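Here the structure is laid out as structure tokens; the discussion comes afterwards.
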Amino acid sequence: MISNAAISKVLRQIAYLIELEETKDNHEDNKNKVNTVFKIRAYRRTADVIENLSSNVEKIYNKWKLKGLTEIPSVGKAIALKIEEYITTGNIEYFGELKKRTPINVEEFYHLEGIGIGPRTVKALHDRLGIKNLAELEKAAAEGKIHSVPGFSYKKEESILRKIQSLKKDRGRYLLGDIYPLVKQIEVCLSNIKDVKKAIAVGSFRRMKETVGDIDYLVLSDAPEIVMDYFASMPEVDEVIGKGPSKTFVKLNNGMDADLLVVPKESFGSALQYFTGSKEHGVALRKIAISKGLHLNEWGIYDSNNNKMVAGSKEEDVYNILGLEWIPPEMRENNGEIELAKKERTGDGNKLKLPDLIDYNSLKGDLQVHSNDTDGMLSIQDIASAAKEKFELEYIAITDHTKSLALAHGLDEGRLLDQVNKISELNDILKNHFKYNNNNNKNKKDSSSSSNSFRILSGAEVNILKDGSLDISNNVLDKLDVVGAAIHSNFSQPVEVQTNRLIKAAQNPNVDIIFHPTGRIINKREGYPVNIEKLINDAKDTGTVLEVDAHYNRLDLKDEYIRMAVQNGVKLVIDSDAHHSMHFAFLVFGIGQARRGWAKQSNILNTFSVEKMLNSLK
DNA sequence: GCCGTTTTCGGCCCGACTGTTTTCAGTCG
């Protein structure tokens, strides 16, 4: 399967190569030059769109051929043909010709776009110094040959060298969960500055994207210089890259870039919208603004006729003036959300509506939790107590690994039944404990309230074997409250085999949930191949629940698949996969991912009370 | 090269920051 990233990379390189040629030619006439500029822009735009597309382009092509490709925004006939050629032959003739015409190693240089060394710079250095690849560029910069080229300076030379060196240790995109605590900590520090009225982390972080490239802070303050001085001198800052009257750019100690934007009250809403992105969503909004005789930028929304500001202080107002409902940040990917947000009625009178997304505080339980009976860190009692006291959950299911996962000291039938008895005893103790507490709590208006009750459910994370059978017998699974099944071995088998393993497990009447259905580890492991449409259909038919594993390195199902499951009426749960009490904090990432998949509260079974949730399992 | 709620031709999102630029090009998000 060809990844969207691979297609996007080729398109980006084509754009780069055309720009190198455009720079080289003494443009015969201005008209041609302008056309080339927009051609380059078209390839770049398509690369952006495909990189952020939630569906796989090859799958689209396999299903609908060229017609499917041209339905992708920004893909027209010419680029669709090139994508088809790439998918079917692995090459693009036009791309090969472009590469043949230049000695410059585009493969190495196109990465430098994004760190301030673009094709025009590279072209100029090639023409004057014969630089063809990254090693030669670094050598020339180190030897002080660059500042003698017209248009270059010592400063520029130094910056090129620094950028190449920092590229070598660049970590790329960061996992949302890895940087979440640091981002929040800086947000709090900025909020606490005396002259700051509001401070918020925006960009892909606010959209809860599974990975984040850099972090943007938006601050509402009338004293920008004080805020920016504070930001630039924070202990977390490694280097100040740029500083202007309204923006500061820094590199943090962990290697991540962070930007700060300070705006006045009247612009806070439009800046919030602008810097939350996504880029594609923002471009779509600005086009709507133009069609309505308006002009939208980060400072506000203006009447194009008289340049008078019509909104800007509140994000809601920006959307409303464009004729749109306010759109939750997690949905802002230009993947159909703008259509749903339009306020006017559609032709047939049916008003489409934005989904009422699941709230961040709506989970009542967690159905994948591990104890120290296998590879968890805490006893059942301790992790249950943390779930109730610190995270205010009403129930958890203990789902330890089973026997064929020897690495985790998985439970066999005997140990599993012992655990069921232990959980039953613990529930009795909890019940008596609450009865005692409630009877003694005279101040409580409603002492019969169930708000104090907590229930531990018995369960297991049963291993799906190579042939799709389970490693625990059905008469034992029958005694559990919740059975999750998951693949932990034999990853590299054909897609049909893997899909059939999962489907066979889902067809077992005792299996309630498929845990982390695709097995991916973000940035580390692709996961095993699964025909997700088939799995979703089968989950629907058998009433099997699919899990959103909220651990930030899994987020499995991912947003795109959650949306498919929701559309098909498949029931979902969001679990922490906790091996320690701290891990319940991961649930926020699962909820963010579910919101990115357009899930409503009613789609997620563990937003229900324990009784309702259990009744909803098969 | 893409695209259409004035359009199948003639437009194409927008502003901030850097550098050596004395009015603008390159680059970014």
Side-chain angles (χ1 to χ4, degrees), chain A residues 11 14-16 18-19 22-23 31-32 34-49 52 69-83 94 112-125 147 149-160 163 202-204 212-216 218 224 228 240-249 257-263 267 270-271 273-302 304 322-323 334 342 344 346-347:
Chain A
L11 295 173
I14 289 175
Y16 196 98
I18 301 171
E19 191 160 9
E22 193 268 331
T23 313
K31 172 94 174 148
N32 260 348
V34 170
N35 281 342
T36 310
V37 167
F38 286 109
K39 186 166 156 182
I40 295 162
R41 201 180 287 181
Y43 275 100
R44 289 230 165 88
R45 194 175 53 229
T46 311
D48 285 342
V49 166
N52 292 304
L69 295 181
T70 52
E71 273 171 23
I72 300 168
S74 300
V75 178
K77 202 175 166 199
I79 293 183
L81 281 167
K82 291 185 178 72
I83 295 173
Y94 175 61
L112 303 187
E113 275 192 308
I115 61 163
I117 306 170
R120 284 158 195 275
T121 303
V122 168
K123 180 69 184 151
L125 292 173
H147 68 263
V149 177
F152 290 79
S153 60
Y154 281 109
K155 234 177 171 173
K156 182 97 183 162
E157 178 175 83
E158 193 194 10
S159 124
I160 287 174
K163 281 169 177 169
V202 290
S204 50
V212 174
D214 66 355
I215 187 74
D216 304 309
L218 179 67
M228 291 199 287
V240 178
I241 295 167
K243 207 156 173 269
S246 63
K247 288 188 184 179
T248 296
F249 313 108
D257 287 329
D259 304 347
L260 171 72
L261 316 131
V262 184
V263 295
S267 296
S270 45
Q273 192 291 306
Y274 190 98
F275 290 107
T276 295
S278 67
K279 191 176 162 189
E280 289 73 22
H281 178 89
V283 168
L285 290 196
R286 290 194 284 281
K287 284 181 179 168
I288 293 175
I290 291 169
S291 76
K292 291 185 181 297
L294 299 166
H295 177 87
L296 173 63
N297 62 32
E298 63 261 54
W299 298 105
I301 185 157
Y302 305 86
S304 300
L322 297 177
N334 199 25
K342 281 186 179 158
E344 73 261 29
T346 51

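Small disclaimer: the values here were computed from a predicted structure and weren't measured. Labels below follow one simple rule: chain letters A, B, ... track the order of the sequence lines, proteins then strands, and each chain is numbered from 1.
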Check salt bridge (charged side-chain N to carboxylate O under 4.0 Å, His left out) between A:Lys243 and all other residues, then give those that pass, not counting sequence neighbours. A:Asp229
Using whole Å, what does the distance between atom P of nucleotide B:dG29 and atom CD1 of A:Ile215 come to? 14 Å
d(CG, A:Leu11; P, B:dC2) in whole Å: 10 Å
Backbone N or O of A:Ser267 within a donor-acceptor pair of the A:Ser270 side chain at under 3.5 Å? yes
Euclidean distance, atom CG of residue A:Asp214 to atom P of B:dG29 [Å, nearest integer]: 6 Å
State the pairing partner of B:dT8; accept Watson-Crick or G-U wobble contacts with both distances under 3.5 Å, and report none otherwise. none
I need the CD-C1' distance between A:Glu19 and B:dA25, as an integer number of Å. 12 Å
Between A:Arg44 (CZ) and B:dG29 (C1'), how many Å, whole number? 14 Å
Is the phosphate of B:dT27 approached by A:Thr121 (side-chain N or O, under 4.0 Å from OP1 or OP2)? yes
Taking A:Thr46 for its side chain and A:Ala42 for its backbone only, find out whether a donor-acceptor pair lies under 3.5 Å. yes
Could you pick out which residue, A:Asp259 or A:Ile79, lies toward the 5' side of DNA chain B when each is mapped onto its nearest nucleotide? A:Ile79
Spacing of A:Ile83 atom CD1 and A:Ile72 atom CD1 [to the nearest 0.5 Å]: 6.0 Å
What integer distance in Å separates A:Ile40:CD1 from B:dC2:C1'? 15 Å
Contact string for nucleotides 13-20 of chain B, one letter per nucleotide 5' to 3', B = base within protein heavy-atom range under 4.0 Å, S = sugar-phosphate only, - = neither, reads BBSSSSSS
For A:Tyr154, enumerate each residue passing the ring-ring contact (aromatic ring centres under 6.0 Å, His included) test, keeping only those at least two apart in sequence or located in another chain. A:His147
